[in-house]
2 protein chains.
Amino acid sequence: MGRDVEVPETVVRRLPIYVRALAQLEAEGIKTISSLELGRFIGVTAAQIRKDLSYFGEFGKQGRGYEVSHLLREVRRILGLTRVWPMVVVGAGRLGQAIASYDGFKPRGFEVVAVFDNDPAKIGQPVGHLVVRDVDELPAIVRALGVKIGIVAVPAAEAQKVANLMVDAGIRAVLNYAPTALHVPEGIRLEDVDPVAILQSMTYYLVSSGDHDPVVAEPSGAAAAGGDSAPEL
Amino acid sequence: MGRDVEVPETVVRRLPIYVRALAQLEAEGIKTISSLELGRFIGVTAAQIRKDLSYFGEFGKQGRGYEVSHLLREVRRILGLTRVWPMVVVGAGRLGQAIASYDGFKPRGFEVVAVFDNDPAKIGQPVGHLVVRDVDELPAIVRALGVKIGIVAVPAAEAQKVANLMVDAGIRAVLNYAPTALHVPEGIRLEDVDPVAILQSMTYYLVSSGDHDPVVAEPSGAAAAGGDSAPEL
DNA sequence: GGATGTGAAAGTGTTCACAGCC
DNA sequence: GGCTGTGAACACTTTCACATCC
């Protein structure tokens, strides 16, 4: 079995999908599943699932498949999901508020423990069951609570500054919602969430698949033609 | 130059990043850029940028680099971003509302033209400058407006049903925010947005990078600044 | 001189196919 | 019989390195 071999990043990115699927299957009362069935459920090949898991050990039984709750427990353990990870959010605009009050984190291993902004009008306002704090307090709180994960939810123009602040405070993983490229030091994890970028790649296939549809809307005004610039929250 | 060769999907997924970066550079007044500089800005290699672009044509000038606004226009055209794409959102909960009233779509080529739900309490409520409609009206509206893109923002349990409805109505690209695996027919584009899955893959590196976390503060790269203050919150 | 565009090489990731085990 | 775990084959992606052109 594949110990000692470096685990490809792409494998690590698939593990949460397995967790999601296995949790659903467990909730449906399914006790056992083969790589073929799990693959069909998720939309990947059976070989890929077996290969992915082989990087971490042997979790199945030949002739039988995998015990759902066992495999779920194991993959969660591999990902470090046996605890709840505290996170901080910077940016208390619409997006930051939505993130801070999102109730889908807790059941999957995460919890927003503080929301920050630098706008005096927002500081002190309630968001979910938290209160917006001055971003100046971030370093103290991150250190005090040992927070390792930060979420950037400010406009593009301020995002790098916020990321720097987070890293200096001890944050080790940054989830960036701002539509701009951030730079972090070696060793700090950085991932972008940019649904618009995903949409933009999908339109490539819409236009190139011969579906020359009735044009509904043209870029409205001269401004739109040039505008991909710094969107707001 | 690389005409006729099938364009790798991974290249198409990077194009929006180029658009984002080029728009920022243009806004900053930068007229010309080399693949090396653009690569540094985005965080990819110069060779990758040149190779990616070579699938679509020749956009640079040897010895000089790329003209920012020209390249931006070209990449937008390749992606089909010379028009505004109408989209429908299903699910008018917190997430659906946030999506429907997000003002970052318009400047990047998209517009939510309708929001649907099946909850009578939500139907008729205003969301942004729209009003929540009964999901039963979706097929008629999608057909009438020629909408090709649908956003799923309902709970996992209802997501597949919604996706089916969308596809039957003529939707060709589905952006799924529900944390569950969806299945769509061949030829329909499907992409997931699952920030929690991204977080879960980041924790893998947090636990396995020898940072055996003491629930309290750690010396981050620099010296352990400041005394340990009492946990707030 | 300087930077592109691109075949070829190197590196990664996925699929195959089957020995081995339940 | 059925299904896992895995080396080997294959496919895909990135990087190299250089001929080419401004």
Side-chain angles (χ1 to χ4, degrees), chain A residues 1-18 21-22 25 30-72 74-75 78 201 204, chain B residues 1-18 21-22 25 30-75 78 201 204-205:
Chain A
M1 61 113 151
R3 284 289 39 172
D4 298 350
V5 180
E6 186 49 52
V7 179
E9 236 180 272
T10 169
V11 170
V12 175
R13 269 202 299 273
R14 275 192 296 267
L15 295 183
I17 308 303
Y18 300 160
L22 290 165
L25 292 165
I30 289 157
K31 300 294 183 219
T32 267
I33 197 164
S34 68
S35 58
L36 191 72
E37 296 167 306
L38 182 57
R40 265 205 286 263
F41 187 71
I42 295 175
V44 302
T45 66
Q48 180 149 82
I49 290 174
R50 295 201 302 274
K51 188 61 141 185
D52 283 356
L53 295 176
S54 78
Y55 286 99
F56 306 100
E58 308 188 1
F59 306 106
K61 294 194 201 338
Q62 277 111 332
R64 205 133 328 184
Y66 302 89
E67 209 239 298
V68 171
S69 63
H70 171 64
L71 183 57
L72 174 56
E74 288 296 311
V75 182
I78 292 162
S201 66
Y204 173 81
Chain B
M1 57 111 150
R3 285 288 44 173
D4 298 348
V5 180
E6 186 49 51
V7 179
E9 236 181 90
T10 169
V11 170
V12 175
R13 270 203 297 274
R14 274 192 296 266
L15 296 182
I17 307 303
Y18 300 160
L22 291 165
L25 293 165
I30 289 157
K31 300 292 182 221
T32 266
I33 196 163
S34 69
S35 57
L36 192 72
E37 296 168 306
L38 182 56
R40 265 204 286 264
F41 187 71
I42 294 174
V44 303
T45 66
Q48 179 151 86
I49 289 174
R50 295 201 303 274
K51 188 62 144 180
D52 284 355
L53 295 176
S54 77
Y55 286 99
F56 306 100
E58 308 189 0
F59 306 106
K61 296 196 200 335
Q62 276 114 330
R64 205 134 327 185
Y66 302 90
E67 209 239 297
V68 171
S69 63
H70 171 65
L71 184 57
L72 175 55
R73 205 174 328 118
E74 288 296 310
V75 182
I78 292 162
S201 66
Y204 173 82
Y205 298 99

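Treat the numbers as computed from the prediction; the structure is a model and nothing was measured.
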**Study point:** Nearest-0.5 Å distance, CG of residue L22(B) to CG of residue L72(B)
**Key:** 5.5 Å
Exercise for review: Give the nucleotide from the list dG5(C), dT15(D), dT15(C) with an atom nearest to the side chain of Y66(B).
Suggested key: dG5(C)
Point to revise | Partner set under salt bridge (charged side-chain N to carboxylate O under 4.0 Å, His left out) for E9(B), not counting sequence neighbours | key: R13(B), R189(B)
Review point. Closer than 4.0 Å, any side-chain N/O of S35(B) to the OP1 or OP2 of dA3(C)?
Key: no
Practice item. Quick one: pull up CD1 in I49(A) and OH in Y66(A) and give me the separation to the nearest 0.5 Å. Key: 7.5 Å
Check your understanding: What is the distance from OH of Y55(A) to P of dT4(D), rounded to the nearest Å?
Key -> 18 Å
Review point. So how far is it from R64(A) CZ to K61(A) NZ, rounded to the nearest 0.5 Å?
Key: 8.0 Å
Review point. Atom CD of E58(A) and atom CG of L53(A): how far apart are they, to the nearest 0.5 Å?
Key: 11.0 Å
Review point. R14(B): what forms a salt bridge (charged side-chain N to carboxylate O under 4.0 Å, His left out) with it, not counting sequence neighbours?
Key: D52(B)
Check your understanding: Given that E9(B) and G65(A) both sit by DNA chain D, which one's nearest nucleotide is further toward the 5' end?
Key -> G65(A)
Point to revise | Whether Y204(B) and F56(A) hold their rings parallel, tilted or perpendicular, with breakpoints at 30° and 60° | key: perpendicular
Study note, to complete from the structure: note: L53(B), atom CG; dT14(D), atom C1'; distance rounded to Å ~ 15 Å
Got a list of protein N/O to nucleotides 18-22 of chain D N/O distances below 3.5 Å?
residue : atom : partner : partner atom : Å
dT20(D) : O2   : Q62(B)  : NE2          : 3.3

Practice item. Measure from the side chain of S34(A), starting at C-beta and using heavy atoms only, and say which of dC3(D), dT6(D), dT13(D) lies closest. Key: dC3(D)
Review point. Between atom CD1 in I33(A) and atom C1' in dC3(D), what is the gap in whole Å?
Key: 13 Å
**Study point:** Spacing between F59(A) atom CZ and dC22(C) atom P, to the nearest angstrom
**Key:** 17 Å
Exercise for review: To the nearest 0.5 Å, tell me how far L25(A) CG sits from I33(A) CD1.
Suggested key: 4.5 Å
May I have the list of side-chain donor-acceptor pairs in residues 36-45 of chain A shorter than 3.5 Å, sequence neighbours left out?
residue : atom : partner : partner atom : Å
E37(A)  : OE1  : S34(A)  : N            : 2.9
E37(A)  : OE1  : S34(A)  : OG           : 3.2
T45(A)  : OG1  : Q48(A)  : N            : 3.1

Review point. Which atoms form the tightest heavy-atom contact between Y55(B) and E6(B), and what is the distance?
Key: CE2-O, 4.2 Å
Review point. Counting side-chain heavy atoms from CB outward, which of dT15(C), dT15(D), dG5(D) is closest to K51(A)?
Key: dT15(C)
Check your understanding: Among dG5(C), dT15(C), dG5(D), which nucleotide sits nearest the side chain of E58(B)?
Key -> dG5(C)
Review point. When the distance from CD of E67(A) to C1' of dT4(D) is rounded to whole Å, what number comes out?
Key: 16 Å
**Study point:** DNA chain C-proximal residues of residues 41-49 of chain B, any heavy atom under 4.0 Å
**Key:** none
Point to revise | Separation of dG1(D) P from L36(A) CG (nearest whole Å) | key: 18 Å
**Study point:** DNA chain C contacts made by residues 10-17 of chain A, counting heavy atoms under 4.0 Å
**Key:** T10(A), R14(A)
